[in-house]
Visitor: 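Questions regarding the structure given below will be posed in turn.
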Amino acid sequence: MKLTDFFSAQLEREVPITRRALERVPEGRPDWKPHEKSMPLGYLAQLVATMPAWIALAIDQDELDLNPPGGGGFKPPATDTNAQLLQAFDDSVARARASLRKETDEHLLTTRWKLLVAGKVVLENPRIEVVADTFTHLAHHRGQLTVYLRLNGARVPSIYGPTADDKSFG
């Protein structure tokens, strides 16, 4: 099996379960957080919604600077409503799908990718690791989001199996 096919299949497995979690994000509480050190609900939901696009970033760019010298950088999409949040997710998934469709396994295996902050390299790994780690990172923050959902009285969807609110297996 080609690596790109493997990652594409993994993306397709993650899309519906991530969508179910995002659909349940309560509106009007973007600043809510369970602890003063926690990230706000709105930021977390936006992060989960846009994370699949990280796959495209790792494939299509050689590096990403989170705080480039001279300013600029990533501008997150508006996600103030559930409709905007889900649209951001759909756009993010579409970018990942398109990049995986055109990618070669050789590029994933041989090319290094860099994450920078203010011009300083903070991470440098083969693209294959960056793509694989994106799925792990997505699962982590999606799990965090389900805790936020529970604490806000929202129903927690089945992710990899039943929850107290959803007895299905997906």
Visitor: Flag yes if more than 12 heavy atoms outside K114 fall under 6.0 Å of its NZ atom; otherwise flag no.
Guide: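 No, NZ of K114 has 12 or fewer neighbouring heavy atoms, counting only those of other groups under 6.0 Å.
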Visitor: May I ask you to test the V48-T18 pair for a side-chain heavy-atom distance under 4.5 Å?
Guide: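 The answer is yes, as the side chains (C-beta and beyond) meet within the 4.5 Å cut-off.
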Visitor: Would the distance check show the side chain of D31 and the main-chain N or O of P40 forming a donor-acceptor pair, the cut-off being under 3.5 Å?
Guide: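 A pair under 3.5 Å: no.
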Visitor: Above 12 or not: heavy atoms from other molecules or residues under 6.0 Å from CZ of F135?
Guide: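 It does: F135 CZ has more than 12 such atoms within range.
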Visitor: Are D60 and R95 close enough for a salt bridge, meaning some N to O gap below 4.0 Å?
Guide: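 Salt bridge absent between D60 and R95.
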Visitor: Measuring from atom CG of L100 to atom CG of L108, what distance do you get when rounded to the nearest 0.5 angstrom?
Guide: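 L100 atom CG to L108 atom CG measures 7.5 Å (nearest 0.5 Å).
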Visitor: Donor-acceptor pair, K33 side chain versus E36 backbone, under 3.5 Å?
Guide: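 Yes, K33 side chain to E36 backbone: donor-acceptor pair under 3.5 Å.
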Visitor: Would you find a donor on one side and an acceptor on the other, under 3.5 Å apart, between the side chain of W113 and the backbone of E124?
Guide: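 Absent.
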Visitor: Q84 side chain to T81 main-chain N or O, any donor-acceptor pair under 3.5 Å?
Guide: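 Judged by distance alone, yes, a pair lies under 3.5 Å.
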Visitor: Between E103 and R127, does at least one N-O distance fall below 4.0 Å, as a salt bridge requires?
Guide: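 Salt bridge between E103 and R127, a charged N being under 4.0 Å from a carboxylate O: no.
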Visitor: Any side-chain donor-acceptor pair under 3.5 Å between S168 and D166?
Guide: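 Present: a donor and an acceptor within the cut-off.
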Visitor: Which of parallel (below 30°), tilted (30 to 60°) and perpendicular (above 60°) describes W54 and H137?
Guide: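 Judged by the thresholds at 30° and 60°, the geometry between W54 and H137 is perpendicular.
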Visitor: Between D65 (side chain) and A118 (backbone), is there a donor-acceptor pair under 3.5 Å?
Guide: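 Checked: pair present.
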Visitor: Do Q46 and M51 have side chains that get closer than 4.5 Å, going by heavy atoms?
Guide: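 Side chain of Q46 against side chain of M51, heavy atoms only: no contact under 4.5 Å found.
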Visitor: Indicate yes or no for a side-chain donor-acceptor contact from R142 to the backbone of A21 under 3.5 Å, with no hydrogens or angles considered.
Guide: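 Pair absent, no side-chain N/O of R142 close to backbone of A21.
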Visitor: If you count the non-hydrogen atoms of other residues, nucleotides and ligands that lie under 6.0 Å from NZ in K102, is the total more than 12?
Guide: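 Atom NZ in K102 is packed in, count exceeds 12.
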Visitor: Can you measure from OH (Y160) to CZ (F169) and round to the nearest 0.5 angstrom?
Guide: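 That separation rounds to 14.5 Å.
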Visitor: Please report the interatomic distance CG(L145) to CZ(R24), rounded to the nearest 0.5 Å.
Guide: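 Rounded to the nearest 0.5 Å, the CG-CZ separation comes to 11.5 Å.
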